2 protein chains.
Amino acid sequence: MTSGVRNARPPQPTLEMVAAEAGVSRATVSRVVNGSPKVRPEVVVSVTAAIERLNYVPNRAARSLASRQTQSVALVVPEDMTKFFGDPYFAAVVQGITQRLDESDYTLNLLVASTDPRHKTMRYLRAGNVDGALVISHHTGDNFVADLESTMPVVFGGRPTNDSGANNYFVDVDNIAGSMSGVQHLVDIGRRRIGTITGPVDMPAGIDRLTGFRRVLENAGLATDAVEHADFTASGAAAATRRLLERCPDIDALFVASDLMATGALGVLAELGRAVPRDIAVVAYDDSPAATSGPIGMTTVSQPSKEMGFAMADLLLRLLADDETVPHRNIMPTSLVLRESA
Amino acid sequence: MTSGVRNARPPQPTLEMVAAEAGVSRATVSRVVNGSPKVRPEVVVSVTAAIERLNYVPNRAARSLASRQTQSVALVVPEDMTKFFGDPYFAAVVQGITQRLDESDYTLNLLVASTDPRHKTMRYLRAGNVDGALVISHHTGDNFVADLESTMPVVFGGRPTNDSGANNYFVDVDNIAGSMSGVQHLVDIGRRRIGTITGPVDMPAGIDRLTGFRRVLENAGLATDAVEHADFTASGAAAATRRLLERCPDIDALFVASDLMATGALGVLAELGRAVPRDIAVVAYDDSPAATSGPIGMTTVSQPSKEMGFAMADLLLRLLADDETVPHRNIMPTSLVLRESA
DNA sequence: TTGTACGCGTTATCAA
DNA sequence: TTGATAACGCGTACAA
């Protein structure tokens with residue numbers, strides 16, 4: 001009932017207190033905490049007991065200040081929250097990352113911000129909050145990454161847009177080959193008027209999947225004009241699909257650059273009474289949960305999103321451990337998964 | 001090309017360096033950085049210039065160690081990643097939280113972990129990484145919160161399960177009243193055999209929404225046996241719906257405790273050829289994007305999820321600022337949104 | 001194997 | 001208004 005009681009929290013125990021409790025020096029306690037081999041077993045036992053008794057947990061700020069490392073890494077996502085939460089692709093990547101990190105002592109800091117990535121986020125990063133960074137979903141305009149790389153090890157998910165120096169570390173799939181396999185399937189089942197809903201053309205994944213689309217159609221001697229751009233969201237894809245059908249009402253197949261966008265496209269097709277796959281066959285990209293959660297299972301280009309997250313984290317951890325043998329790029333395989341939509 | 005170059009990153013500038021650059025003492029630079037009013041304007045200018053020149057950013061560990069605060073708060077979610085990313089409810093809450101935090105100097109640390117919330121997460125929290133914590137989606141078994149509260153200010157999203165002391169701070173809606181409004185609507189439109197798919201019964205939101213369901217039916221003199229429990233996931237709800245329809249094939253209405261679960265239920269109903277709302281009217285809960293993204297718009301109990309996140313963050317920030325006037329609970333309003341499903 | 005002593009980069013308390 | 005100087009809690013040479 002007394003006001004002010006709220007802030008009357010007991011101070012956390014310190015190394016000093018544990019040392020006193022165990023009757024040794026701070027240094028010895030520190031050694032025990034950090035698992036140094038050169039401590040007498042009996043001392044380890046008594047110190048450990050003291051730690052338990054006091055419920056001691058090392059202070060991270062002090063530890064980080066002294067050791068010059070934080071034992072945590074950041075995942076930087078230059079998108080807004082709704083996009084981040086809306087696309088199952090991100091969920092899969094994050095899962096893979098945390099899975100790898102859970103095997104280590106590192107913790108993850110999620111930095112989702114399109115609004116002002118260069119200021120608040122960069123400040124946070126440069127303030128020594130993390131030892132390294134993972135960057136996914138970056139766009140051509142995101143030049144903050146250059147600054148970042150001069151500060152700490154960085155691993156990209158997806159080929160960086162500024163990969164000129166080829167000194168970047170990244171995990172990716174061959175988006176061109178992936179989309180080619182999907183579009184080729186549409187050709188193989190006899191479709192001749194094929195359209196596409198692309199991702200943003202300021203992102204490698206958007207560009208490359210469009211390139212694959214064009215390449216297949218050119219090889220097959222088909223028209224490549226049925227193209228509409230979207231933004232990797234369901235609503236954006238829905239609008240793009242409407243535009244495309246208005247401009248090219250005769251298409252008999254559609255390659256959509258992500259599962260999430262395909263849900264939007266399929267919604268419009270259903271609304272307009274175009275039967276899938278009979279009237280229009282649809283191939284998507286990702287093989288995320290979105291591919292199977294709708295009324296009609298999507299034929300889609302499967303990429304190992306979760307494994308990519310895992311690989312990114314693994315790469316970064318090895319970088320942080322000064323592993324000299326890590327390869328700069330890790331290109332993972334895609335495969336076409338056949339379901340109902342095509 | 002030289003190996004080892006990777007780690008040749010320039011050291012971050014320190015207060016000391018800025019002081020030398022500006023020709024003043026560390027203390028003065030510190031004052032400028034922290035916006036102290038008692039520094040000569042001309043000195044402020046020259047120090048600021050030096051800071052710019054050196055691209056200085058204060059080291060957080062050192063600052064945190066000295067000031068005994070971190071300027072960051074945690075959002076603790078005792079669920080696994082898939083659940084967290086799968087439910088739009090969480091997205092909305094996180095959005096609200098970040099929105100409030102963006103107006104402040106605090107940053108957010110997301111801690112999502114059902115696997116081992118008491119060990120790694122609690123350790124992280126107790127290591128002084130954050131000044132306060134937000135807890136959402138907590139279950140009866142989550143007794144780690146007691147420890148947490150003895151360490152730092154905590155604000156809950158949803159009435160805490162151990163709210164005996166009534167000393168907790170939380171933001172919530174009246175789940176009983178909310179669900180009552182939804183179920184009453186089903187009664188009002190003439191439905192007489194009403195079932196429900198509940199949330200987990202170890203969570204207040206699950207329990208209370210079930211209580212509201214029972215209360216309305218009892219008031220109306222209707223049977224309350226058509227109840228199946230689920231876990232706030234689409235697939236869990238789908239399975240529960242199948243069980244319910246097998247046991248009570250005669251139901252003409254269904255109250256589902258969340259929008260996400262309703263997507264699962266609606267899928268099963270469609271699959272089984274039960275027309276909605278004609279054969280079975282459906283009322284859901286949340287009014288998240290999931291309520292309008294499917295083929296049939298959901299009639300649902302709307303709760304201000306984003307605003308709740310905002311309010312939680314606001315409450316915590318005021319607690320951290322030693323605001324004595326903050327109320328312990330903030331109960332926000334719900335409203336029934338009528339769409340096609342009922 | 002253990003303890004002493006210094007340094008990590010800031011904040012905060014004094015004097016000046 | 002400014003500048004020494006002592007914390008803050010921990011890691012780690014170095015010495016014992």
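Reckoned from all heavy atoms, side chains included, excluding hydrogens, waters and symmetry mates. The chains referred to below are lettered A, B, ... by the order of the sequence lines, with proteins before strands, and numbering in each begins at 1. Quick caveat, the model's predicted, so the values are computed rather than measured.
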Starting from C1' on C:dG7, measure out to CD on B:E16 and report it in whole angstrom.
-> 12 Å
Degree of bending, the helix from C:dT1-D:dA16 to C:dA16-D:dT1 (end axes from five pairs; round to 10°) = 40°
Could you write nucleotides 1-8 of chain D as a row of B, S and -, 5' to 3', where a protein heavy atom under 4.0 Å of any base atom gives B, of only sugar-phosphate atoms gives S, and otherwise -?
-> BBBBBB-B
Atom-to-atom span, CD of B:Q71 to P of C:dT10 - whole angstrom | 15 Å
Would you kindly give the CG-to-P distance between B:N129 and D:dG9, to the nearest whole Å?
-> 15 Å
Any chance you could measure A:T82, atom OG1, to B:Q95, atom CD, to the nearest 0.5 Å?
-> 5.5 Å
Heavy-atom closest contact (B:L125 atom, B:A74 atom, distance) = CD1-CB, 3.8 Å
Which pair of non-hydrogen atoms, one from B:L316 and one from B:A133, has the smallest distance, and what is that distance?
-> CD2-N, 3.8 Å
Would you please name every residue forming a ring-ring contact (aromatic ring centres under 6.0 Å, His included) with A:F85, sequence neighbours left out?
-> B:F84, B:F85
Residues in residues 44-52 of chain A with a heavy atom under 4.0 Å of DNA chain C, by number, are none
Close side-chain approach of A:S72 to A:R60, heavy-atom, < 4.5 Å | yes
Give every residue pair that meets the salt bridge (Lys or Arg N to Asp or Glu O under 4.0 Å) criterion with at least one member in residues 36-45 of chain A, sequence neighbours excluded.
-> A:R40-A:E42
Establish, yes or no, whether a centroid distance under 6.0 Å links the rings of A:F170 and A:H328.
-> no
Euclidean distance, atom CG of residue A:N59 to atom P of D:dG11 [Å, nearest integer] | 10 Å
Could you state the atom-to-atom distance from CD of A:Q69 to P of C:dG7 in whole Å?
-> 21 Å
Take the protein atom CE of B:M17 and the nucleotide atom P of C:dG9, then report the distance between them rounded to whole Å.
-> 8 Å
State which residues pass salt bridge (charged side-chain N to carboxylate O under 4.0 Å, His left out) with A:E52; sequence neighbours excluded, sorted by chain then number.
-> none
Spacing of B:L15 atom CG relative to C:dT10 atom C1', expressed in whole Å | 6 Å
Mind checking the CD-OG1 spacing from B:E149 to B:T151? Nearest 0.5 Å is all I need.
-> 9.5 Å
For B:R63 and B:R68, run side chain to side chain contact (heavy atoms under 4.5 Å, CB included): C-alpha distance rounded to whole Å, both residues' side-chain angles, the deciding distance at 0.1 Å, then the answer.
-> CA-CA 8 Å; B:R63 180 183 282 217; B:R68 308 177 106 346; over 6 Å; no
Are any of the side-chain heavy atoms of B:M203 and B:H138 separated by less than 4.5 Å?
-> no
